[in-house]
Structure formats: structure tokens, C-alpha cells
Amino acid sequence: MSDGVIRHARKEAFSLLRPTDVPIILNLIQALADYEKESDANKATVESLTATIAFAPSGAPSDPNTTAYVPSTEPTSSSKPARCLLLTNPEGETVGMALYFYNYSTWRACPGIYLEDLFVQPSQRGRGYGKQLLVQLAKEVVAFGGARLEWSVLKWNEPSIKFYEKIGAQGMHEWMTMRVTDDGLTKLAGLLD
């Protein structure tokens, strides 16, 4: 039932009727934070997203039906490390996103994609949109000869875990995510000073 249209996010307005995608991305990120019961944790702004996402030019074509799909966006860099796919339903509403960046496997000596956030509005779930976004990312990994597509999922999010397992994803139960943020990051950066 996947009848959504996927394209890379654009910084400029697509047309007079279609504003820039950045506020839409911000709204989807906030909806994800709300869904994950972390409403106040979202610190993203239109300005910070504009500065850190590699956007497609206004007229950039994308053909989600090809297996050799390679995005036509600004180049990624340390200051613009992320790309964002947006999914629009048949009614023209942007109802889903996949925000991602490139990673690297040392054991396989090749690149991959890390999916930072996959989100489909709850009212739009069950229509194949999440699968459609994941298929698009998998096509990109295959197109550049990558080794894997990976992401994290909250342990309490059983519906998502079941969905991911159904499409062939495997849980990495022997791994634990580690993170350093805020004051801890500053402290670590100065640890040897």
C-alpha cells in the first residue's frame, strides 16, 4: 500500500504554494520527541537544521524506483553531516522522514548509512511508508557499494522492533550505546589538558 512520494529535503521553497522543508522537518522531529515521551529534549531549531542538513537543490529530481539511486544534494561535511528524506502522502502532506548520515565499518572497510531518525506520523502508520523510507535508504547503500544500514530503537518500542525484524533487521543485543554530551563532553575534551 506504499503510495507515498519520497524526495530529499530542500532548503529553498519548492514553489509559491510549497514552503521550505525545514519547518516541516522540525515539526516531524518534535512529533518524534513527543512520541518518545521526550517532548522537552528537542533542542533543534529552523536555524540549526538549516545549518547542519545537506539539502537538495529546488529542482532536484529523484527517482525512487531505481536501484542505482544516488542523492543529488549539497555535499555532506563535518558541519553538514546529515541528509533527510521526506515522504509525502497522496493528499500532499509530508507525513514521514528519514534523517541519516554516512558511517564506516572498519571490519568491512566500507561505508554505510546510519539512520538517526525514522518517523511516520501515527495517523499515517500501517500504509507502508516506513518500509518505503527504509527501502529508499537501502537502495542508496547498495548504489554506493556500502556494507550496512543501521539504526537504534528504544527497547520499549515493541511495534517498531517487530516491524524492523519483519523486514529483516537484526537486533545487536551484545552491543550497548555509549554517549557523552553537554558538560561531560566538555570535560572529556579537556581531560588531558
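Values below: all heavy atoms of this structure, side chains included; hydrogens, waters and symmetry mates excluded. Numbering starts at 1 and runs along the sequence shown.
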**Q.** Pair Leu134-Tyr164, side chain to side chain contact (heavy atoms under 4.5 Å, CB included): steps then yes or no
**A.** CA-CA 10 Å; Leu134 287 168; Tyr164 298 145; 4.1 Å; yes
Q: Evaluate the side chain to side chain contact (heavy atoms under 4.5 Å, CB included) criterion for residues Thr76 and Phe101: first the C-alpha distance (whole Å), next the side-chain angles of each, then the deciding distance (0.1 Å), finally the verdict.
A: CA-CA 8 Å; Thr76 56; Phe101 56 89; over 6 Å; no
Q: Verify side-chain hydrogen bond (donor to acceptor under 3.5 Å, both in side chains) between Asp117 and Tyr100, making sure each step is shown before the conclusion.
A: CA-CA 7 Å; Asp117 284 316; Tyr100 68 100; over 6 Å; no
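Of all non-hydrogen atoms in Asp40 and Lys43, the two that sit nearest each other are O-NZ, 2.9 Å. Summarising the geometry of Glu74 relative to Ala54, their closest heavy-atom pair is O-CB, 3.3 Å, with the distance given to 0.1 Å. When all heavy atoms are compared, the tightest approach of Ser39 to Gln30 is O-NE2, 3.1 Å. Heavy atoms only, all atoms of each residue included: Ile161 and Lys155 are closest at CD1-O, 3.7 Å. Taking every heavy atom of both residues into account, Leu118 and Leu115 meet most closely at CB-CD2, 3.7 Å. Considering all non-hydrogen atoms of both residues, Ala147 and Cys110 come closest at CB-SG, 3.1 Å.
Rounded to the nearest 0.5 Å, atoms CD1 (Ile24) and CE (Met97) are 12.0 Å apart. Within the model, atoms CG of Asp3 and CZ of Arg127 stand 8.0 Å from one another, a figure rounded to the nearest 0.5 Å. We find the CZ-CG distance between Arg83 and Leu137 to be 11.5 Å, quoted to the nearest 0.5 Å. Between Gln170 atom CD and Arg148 atom CZ the span is 12.0 Å, to the nearest 0.5 Å. The line from CD of Glu116 to SG of Cys84 is 11.5 Å long, rounded to the nearest 0.5 Å. Note that CD of Glu36 is 8.5 Å distant from OG of Ser160, once rounded to the nearest 0.5 Å.
Proximity of Asn42 to Leu32: side-chain heavy atoms (C-beta onward) are nowhere separated by under 4.5 Å. At least one side-chain heavy atom of Asn157 sits less than 4.5 Å from a side-chain heavy atom of Tyr35. Side-chain atoms of Val120 and Leu87, non-hydrogen and from C-beta on, never get closer than 4.5 Å to each other. Counting only heavy atoms from C-beta outward, the side chains of Arg125 and Phe163 never approach each other to under 4.5 Å. Looking only at side-chain heavy atoms (C-beta outward), Leu99 and Leu28 stay at 4.5 Å or farther from each other.
Taken together through direct or relayed side-chain contacts under 4.5 Å among Ile, Leu, Val, Met, Phe, Trp and Tyr, Met172 and Val153 form parts of separate hydrophobic clusters. Neither Leu149 nor Tyr104 shares a network with the other; the hydrophobic side chains, linked directly or stepwise wherever heavy atoms of I, L, V, M, F, W or Y lie under 4.5 Å apart, form separate groups for each. Residues Phe119 and Trp156 share a single hydrophobic cluster, defined by chaining ILVMFWY side chains whose heavy atoms lie under 4.5 Å apart. The hydrophobic cluster containing Ile167 also contains Tyr129, counting ILVMFWY residues as joined when their side-chain heavy atoms lie under 4.5 angstrom apart, directly or transitively. Under the 4.5 Å side-chain contact rule for hydrophobic residues, Leu154 and Ile29 share a cluster.
In this structure a side-chain-to-backbone donor-acceptor pair under 3.5 Å is missing from Gln136 to Ile6. For Ser48 (side chain) and Ala44 (main-chain N/O), no donor-acceptor pair under 3.5 Å exists by modelled atom type. In this structure a side-chain-to-backbone donor-acceptor pair under 3.5 Å is missing from Glu150 to Tyr114. Checked by atom type and distance alone, the side chain of Lys80 pairs as donor or acceptor with a backbone atom of Ile53 at under 3.5 Å.
None of Arg7, Lys11, Arg10 except one satisfies the salt bridge (Lys or Arg N to Asp or Glu O under 4.0 Å) rule with Asp21; the exception is Arg7.
Between Tyr102 and Phe144, the ring-plane angle classifies as perpendicular under the 30° and 60° cut-offs.
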